[in-house]
Each structure stands twice: as C-alpha cells, then as structure tokens.
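Structure first, then comments.
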Amino acid sequence: MLYAILAYLGGAEETLASIASWAPTVTYYGLAMMASLVLLAVSIVWMFQRDMVYPAAFPAHSRDRVTLPSQFGMPHFDDIRLETPDKVLIRGYLIKRATDEETRRASTVIYFHANAGNMGHRLPVAKLMYDMLGCNVFMLSYRGYGLSDGHPSEAGIKTDALTALEFIRSHPLTANTKLVAYGQSLGGAVAIDIVAANEPEFAGIILENTFLSIRRLIPSVLPIL
C-alpha cells in the first residue's frame with residue numbers, strides 16, 4: 001500500500017529523497033519555533049514574576065473591609081503599626097491571653113502567612129493555635145499586603161520579619177516569652193530566614209507546605225516550562 005502511494009507521488013526513490021532533503025529544514029524551523037515559544041514563556045514569567053510570587057499584594061487604600069481577631073473569638077489583641085528601618089508602615093496583630101500575667105507566661109507564635117492573602121485571611125488558623133496551644137499569636141501583613149504600605153520584595157519581607165521580631169522582644173508582655181516561628185508556603189521561607197539569623201531567640205520553628213526553592217517550585221506550578 002505504502003509502495004503504491006509512493007509510486008503515485010512519483011516513485012519511491014524520488015519521494016524518499018525529497019523527504020530527506022526537506023527533513024533538516026523542517027527540523028530546524030520546528031526546533032527554532034519551540035525555542036522561541038520557550039523563550040517567550042520565560043520572558044513572560046520574568047516580566048510578571050512579582051505578580052506571580054505576590055498575587056495577593058495590593059495597595060492599602062484598596063481595602064474596604066478589615067477582619068479583626070475579635071470576630072474569631074480572640075478579643076484581647078492590639079492592632080499594631082510598625083515602621084521598618086526603610087520607613088515602610090506595616091500592620092500586625094498581637095493576640096494576647098485574657099490577662100497580662102497569662103500573656104507573660106504563654107509562648108508566642110509569630111505567624112508568617114503565605115503569598116496569597118494576608119493576616120486577616122489566616123485568623124481562623126490563628127484561632128486554632130490560640131485555643132489548642134494556649135499561646136499568644138503575633139501576625140503581620142507583609143509590606144504591600146492587607147493594610148500595610150509599600151510593595152513586596154524578598155529584601156523587604158525579610159526587613160518586615162525582623163521588625164516584627166524586634167517589636168516582640170521589646171514589648172513588656174512578650175519580651176521574655178518562648179518564641180516559635182510558624183510559616184506557611186512563602187511564609188515558611190520567611191520563617192527559616194529569620195530563625196537562621198536569630199537562632200538564640202527562638203525555641204522552635206513550624207513549616208507548612210513550604211518549598212525548597214523557587215526553581216524547584218516551577219515544575220509543579222508551571223510544568224510547561
């Protein structure tokens with residue numbers, strides 16, 4: 001059957017020779033097209049990497065609703081405003097126990113949230129820790145998230161975390177409490193960084209769904225690359 005088709009097209013030898021002559025050209029342009037598509041995809045990822053890593057970051061003025069710890073059964077809290085060394089105003093919640101004495105005796109968990117959402121979205125998780133562990137919880141929204149000013153970046157979020165740690169260690173109720181860092185996803189990287197740089201300050205670290213590196217994350221998030 002194949003021989004008959006080739007014969008109809010002008011002879012088996014001539015047809016195979018024609019295909020062979022065109023094969024390098026087709027292969028070349030095919031590979032060039034694939035390389036161009038990959039380069040385009042990588043360029044798009046590079047251009048929009050900030051939006052992909054920090055998808056929930058937006059200016060503070062765009063928020064029209066504030067979620068408070070008291071809405072989740074945690075009435076004893078302070079709404080914290082902290083200025084970082086680079087003059088960015090970030091927001092946080094210090095969720096305390098019912099009395100000052102209980103707060104001083106309890107451990108304090110610093111909650112570093114994931115790249116999607118902000119501290120308000122994580123209040124249900126903070127409530128579980130607050131009830132089950134009997135701890136204080138300090139939560140912050142990174143710069144550019146929630147009601148915090150600025151725009152997120154790796155260096156900026158590290159600065160935010162250090163500012164939070166310095167606040168906790170200077171607060172009269174939490175200065176001497178046992179400290180545990182808790183990080184979700186992106187927050188896990190933040191927690192690892194702050195604990196590694198200030199290990200004597202921490203009694204422990206808890207990581208949830210944290211990646212090893214952005215490079216190792218790409219195959220699961222963008223398998224086409």
Side-chain angles (χ1 to χ4, degrees), residues 56 60 63 65-85 88-149 157-210:
R63 286 296 303 267
R65 183 172 66 89
V66 177
T67 307
L68 301 173
S70 56
Q71 297 172 244
F72 292 87
M74 297 178 288
H76 310 287
F77 73 95
D78 295 332
D79 188 349
I80 305 298
R81 291 164 172 80
L82 300 175
E83 186 177 72
T84 65
V88 176
L89 185 67
I90 59 174
R91 301 289 292 272
Y93 289 141
L94 175 57
I95 305 171
K96 304 174 291 185
R97 309 312 300 177
T99 67
D100 287 354
E101 186 57 34
E102 288 180 84
T103 301
R104 290 190 182 96
R105 289 201 308 264
S107 299
T108 300
V109 173
I110 307 184
Y111 196 134
F112 298 108
H113 65 74
N115 66 323
N118 54 63
M119 66 181 181
H121 295 108
R122 297 326 195 279
L123 283 169
V125 181
K127 171 65 172 174
L128 288 175
M129 292 190 292
Y130 183 82
D131 289 344
M132 298 178 69
L133 304 179
C135 61
N136 312 307
V137 181
F138 183 84
M139 311 180 75
L140 77 153
S141 285
Y142 313 126
R143 61 185 63 201
Y145 282 79
L147 296 176
S148 295
D149 293 341
I157 290 177
K158 288 180 179 181
T159 300
D160 298 343
L162 182 58
T163 301
L165 174 61
E166 291 173 346
F167 167 78
I168 291 169
R169 282 313 187 206
S170 65
H171 195 285
L173 296 181
T174 59
N176 298 311
T177 59
K178 185 179 293 184
L179 200 57
V180 175
Y182 171 65
Q184 289 180 313
S185 188
L186 176 71
V190 182
I192 290 170
D193 182 77
I194 192 72
V195 172
N198 303 273
E199 190 169 348
E201 297 287 347
F202 289 88
I205 181 171
I206 304 170
L207 306 177
E208 178 187 346
N209 196 33
T210 298

For Asn176, I'd like to know if atom CG has over 12 heavy atoms of other residues, nucleotides or ligands within 6.0 Å. no
Under the 3.5 angstrom rule, does the side chain of [X] hit a backbone N or O of [Y] as a donor-acceptor pair?
| X | Y | value |
| --- | --- | --- |
| Arg91 | Tyr142 | no |
| Arg169 | Ala175 | yes |
| Tyr145 | Asn115 | yes |
| Thr108 | Asn136 | no |
| Thr99 | Glu102 | yes |
| Ser148 | Ser141 | yes |

Check whether any side-chain heavy atom of [X] sits under 4.5 Å from a side-chain heavy atom of [Y], and report yes or no.
| X | Y | answer |
| --- | --- | --- |
| Met74 | Lys127 | yes |
| Arg81 | Leu89 | yes |
| Ile157 | Phe112 | no |
| Glu101 | Arg104 | yes |
| Glu208 | Ile206 | no |
| Leu123 | Ile95 | yes |

For the residue pair [X] and [Y], what are the closest heavy atoms and their distance?
| X | Y | value |
| --- | --- | --- |
| Ala161 | Val190 | CB-CG1, 3.7 Å |
| Val109 | Cys135 | CG2-SG, 3.8 Å |
| Thr67 | Tyr93 | O-OH, 2.7 Å |
| Ala191 | Leu207 | CB-CD2, 4.2 Å |
| Ser185 | Ala114 | CB-CB, 3.8 Å |
| Thr210 | Ala189 | CG2-N, 3.9 Å |

Those residues at least two apart in sequence (or on a different chain) that pass side-chain contact (heavy atoms from CB on, under 4.5 Å) with Asp78 are Ile80, Leu94, Lys96, His171
Ring centres under 6.0 angstrom apart (Phe167, Phe138): yes
Rounded to the nearest 0.5 Å, what's the gap from [atom1] on [X] to [atom2] on [Y]? Could you check?
| X | Y | atom1 | atom2 | answer |
| --- | --- | --- | --- | --- |
| Asn198 | Asp193 | CG | CG | 9.0 Å |
| His113 | Leu140 | NE2 | CG | 6.0 Å |
| Asp160 | Ile90 | CG | CD1 | 4.0 Å |
| Ile168 | Thr174 | CD1 | OG1 | 6.0 Å |
| Ile205 | Leu179 | CD1 | CG | 11.0 Å |
| Leu128 | Phe72 | CG | CZ | 11.0 Å |

Evaluate side-chain contact (heavy atoms from CB on, under 4.5 Å) for Arg143 paired with Thr159, printing each intermediate quantity in order. CA-CA 9 Å; Arg143 61 185 63 201; Thr159 300; 3.8 Å; yes
Verdict with supporting geometry, Val137 and Tyr182, side-chain contact (heavy atoms from CB on, under 4.5 Å): CA-CA 10 Å; Val137 181; Tyr182 171 65; over 6 Å; no
